[in-house]
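Encoded as structure tokens, the structure appears first; notes follow it.
Each chain gets a letter, A, B and so on, in the order its sequence line appears, and its residues count up from 1.
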There are 2 protein chains.
Amino acid sequence: MPAKAVSSATADRRQAQLEALLTAAEKRICETGSHALKARDLAADIGVALGGLYNIVQDMDDLLLRVTVRTQGRLDALFERETAHRPMTTRAQALDRLVAVALAYFTFARENLPLWRMMFEVRITTPLPEWAVEAQLGLFRHVGAPLSVIMPEASPEALTIRARTLFSAVHGVVYIGLEERLIAVPPQKLADEIEWLIRAGCR
Amino acid sequence: MPAKAVSSATADRRQAQLEALLTAAEKRICETGSHALKARDLAADIGVALGGLYNIVQDMDDLLLRVTVRTQGRLDALFERETAHRPMTTRAQALDRLVAVALAYFTFARENLPLWRMMFEVRITTPLPEWAVEAQLGLFRHVGAPLSVIMPEASPEALTIRARTLFSAVHGVVYIGLEERLIAVPPQKLADEIEWLIRAGCR
DNA sequence: CTTTATATTGAACAACGTTCAAGCTTGCGA
DNA sequence: TCGCAAGCTTGAACGTTGTTCAATATAAAG
């Protein structure tokens with residue numbers, strides 16, 4: 001066999017299998033929650049024997065991690081789609097954009113609740129592979145770019161930290177807000193709080 | 001047998017067993033993480049047969065929930081101990097107290113990382129029992145009380161929401177900040193960010 | 001002390017992720 | 001066109017898991 005064909009037929013099939021597997025996993029996660037994912041169900045979904053899963057994916061954690069990164073990719077695309085067209089030259093515009101990013105995050109979380117939750121439930125023992133770290137850090141640019149307009153005199157390091165703080169704060173409000181076991185806050189009120197939070201932090 | 005003795009010997013033993021079980025569970029969680037809890041290990045720890053666990057606790061979820069509430073109780077006690085002695089008559093004092101609460105939360109999370117994480121990992125299908133909801137809502141008073149001094153003209157409802165927002169924001173910063181899979185931020189810098197966040201939100 | 005009711009036990013069960021020897025398919029050289 | 005080696009796929013089997021329940025041991029009551 002050739003050592004490493006750039007695109008052999010089997011490699012293509014593996015890619016297709018991987019995508020089918022991820023799609024099936026996402027479907028099941030959305031329907032019944034991430035902890036209800038069963039290897040046997042997924043194998044049946046994509047028409048593969050039980051053991052065959054482990055030719056597509058290293059193990060179940062690997063699968064969850066890939067789903068997570070896929071979700072991050074969709075979130076990234078949403079940020080891009082939702083805010084790229086907004087100008088960012090003045091301070092006020094940058095602030096509006098930051099608010100838009102935060103509200104888009106809230107919307108995404110609400111509309112993709114199980115997948116969104118998964119992003120923070122995945123616990124890994126071994127260090128994250130680089131492609132996973134990249135996908136995660138890439139998201140911060142949607143906060144960092146507007147923030148650099150709002151805080152033009154800040155050092156890059158201070159800016160990175162502050163961007164993380166703002167993102168984390170919004171994340172926290174969304175996270176606790178969507179936790180149903182406490183008193184439910186109406187989504188519009190939550191959105192208002194998120195906007196207030198961003199504007200208060202940027203004054 | 002009497003229908004319900006106020007304090008029979010067996011009921012006392014059950015209480016003791018429950019406490020031993022919770023303590024053993026906490027120990028294991030702190031040592032090896034919450035998802036490494038095994039029914040057989042715990043049964044051995046407290047000197048009970050495997051099936052005996054289900055006389056003490058309904059099932060594993062029930063156990064985790066009880067550990068969670070215990071942790072919330074310790075957090076509550078820490079808030080009390082750390083901030084009750086601070087006066088709260090002036091606005092500035094109330095603000096200082098709010099900052100103290102937030103920093104205490106951060107410290108608690110850092111020093112009890114596995115137990116603290118568990119509080120947000122427990123996923124319940126059935127609605128939370130009242131005693132669990134109580135313990136959770138009780139924590140908010142440590143934010144609500146100082147905040148009512150800072151926002152004296154706000155309606156009780158607006159105050160509740162704002163308290164939740166502030167708590168959630170701080171929680172988010174702590175949560176993401178302690179996530180090790182991203183770039184580690186020095187604790188002192190994190191603490192600074194938390195204090196900044198509170199003060200920015202209360203201006 | 002006998003009897004009755006409760007508490008405890010641990011073997012058994014179903015469901016889970018993961019492995020691996022065996023069979024099957026595939027692609028290439030003759 | 002055929003045959004053969006190399007990899008892929010399979011599904012039975014394994015070790016763990018949480019949970020159950022008939023049997024046993026213990027405690028309470030008359």
Check: residues 195-203 of chain A side-chain donor-acceptor pairs under 3.5 Å, at least two apart:
unit_1, atom_1, unit_2, atom_2, d
Glu195(A), OE2, Arg199(A), NE, 3.0
Glu195(A), OE2, Arg199(A), NH2, 3.2
Arg199(A), NH2, Asp96(A), OD1, 3.1

Summary of side chain to side chain donor-acceptor pair (under 3.5 Å) pairs that have at least one residue in residues 31-40 of chain B, sequence neighbours excluded
Ser34(B)-Glu121(B)
Test ring pair (Phe, Tyr, Trp, His ring centres under 6.0 Å) applied to Phe120(A) - qualifying residues, sequence neighbours left out
Trp116(A), His171(A)
Can you list everything that forms a salt bridge (Lys or Arg N to Asp or Glu O under 4.0 Å) with Arg117(B)? Sequence neighbours excluded, please.
none
At under 4.0 Å between heavy atoms, which parts of nucleotides 9-20 of chain D does protein reach? Answer with one letter per nucleotide, 5' to 3': B base, S sugar-phosphate only, - none.
BBB-B---BBBB
Can you name the ring pair (Phe, Tyr, Trp, His ring centres under 6.0 Å) partners of Phe108(A), sequence neighbours left out?
none
